[in-house]
Amino acid sequence: MLKHLYIGLVLMSGVCGFGQNSDEAHRIQAGVLGVDTHNDTAQRVLIEKADIGQRLPDGMIDLPRLQEGSVHVPFFALWVPSYYPGAEAVRRTLDLRDAMQGVFDKYPDRIELATRARDIERIVAQKKIAAVLTIEGGHQIDDDLGVLRMYRRMGILSMTLTHFRSNNWADSSTGKPEHNGLTEFGRQVVREMNRIGMIVDISHVSDKTFYDVLEVTSKPVIASHSSCFVYSDVPRNMKDDMFRALAKNGGVVGVNFGSSFLSQADAEELKKHIAEQGQLAPNVTGADLDAFAAKEHAASNEAHPQVGNSTVDDAAQCIDHIVKVAGIDHVGIGSDFDGIPSVPKGLEDVSKMPNLTAALLKLGYSKRDIQKIMGGNFLRVVREVVGE
Ligand SMILES: [Zn+2]
């Protein structure tokens, strides 16, 4: 009798708890300092002239939805496709940097560039979005440390060492292995980034490059948008030994929300996309090259985004797995919004972040743990790398 009463109470609390859980999730999410270490929204700003000050009918990120989801510190990737050669990649990086400056200049009361932890805290306290800018692909420095240093002076806080293809000094997880990891110049790049207070990002690099970076770096590194290999065996995801090594370094991995990163059922979709990207070789320069990139961007918009086979619970599951393997201080959010071919149910855009907090509450996470996952851990890395 008592046992039945107990089961009845548990069932009732389960049913009623859904609303409570969601209310509590909204309350907790509203109080976090939210960091998301990767989005591809800068492509939309440059190519589509998307006005992210407005709530847009498409895409996954704009200023209203960032505020709704309490993602106060989005990392905007100034990504240049690997088919931009040498100096062309530098030119394209400057164009992306300029496009983002246009957003900062248009909405000075709502968004501001942040280049260190102190900026982030001040800007968020003023209820504005603290925008972080990043480089996505070491080819964008054109093998020149002077270019790297000037990127840092332009307010760029981190750099992903490769994109889909290996470059002249680092192997990519999805490119031909050409250097057995990092070359001597690649090691110099890592040391220089440590010295000038720029965060080394190991998403996209090959496993060997990852271990070479850990051998050289004197500062914590990040994986800005990678997920768990144990749940989806795409080469972009990280194995458990890598999570452990990253934890030893003091680094943090931002979980990628792409459905193909979270669910084996969608893994083939990403593998196909990577293979197609690897084939592109437009063989043009200047405005023709930009026109080619714009066409590629439009074609990818047309095909995506779709809702994949994963759900918000799969994102929570990958976070939970990393916590179990590496510890609560080494995981964060790296959505890859506006760059992923399909999204999980319940995490269709950045405004849906409270659903993830609800999923973490369901798994037993405390408010303090959720604050670390949602941004606290990445803020610590910014402070440790930049020094302020
Ligand atoms: Zn990427």
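Count residues from 1 along the sequence. Every number for a ligand or one of its atoms is a count from 1 in the order of the listing.
Annotation: angle subtended at the Zn ion (ligand 1) by H225 NE2 and E136 OE2 is 90°, to 10°.
Taking the charged nitrogens against the carboxylate oxygens, E24 and K367 have no contact shorter than 4.0 Å, which rules out a salt bridge.
Not one N, O or S atom of H38 sits under 2.8 Å from the Zn ion (ligand 1). Within the 2.8 Å limit, D40 places no N, O or S atom next to the Zn ion (ligand 1).
Taking the ring centroids of F164 and H204, they lie under the 6.0 Å cut-off.
Of all N, O or S atoms in H204, the one lying closest to the Zn ion (ligand 1) is NE2.
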If you apply the rule salt bridge (Lys or Arg N to Asp or Glu O under 4.0 Å), what do you find for D62 with R44, and how did you get there? CA-CA 10 Å; D62 47 50; R44 302 200 66 206; over 6 Å; no
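A side chain to side chain contact (heavy atoms under 4.5 Å, CB included) with L161 holds for exactly one of D201, V205, D171, N167; it is V205.
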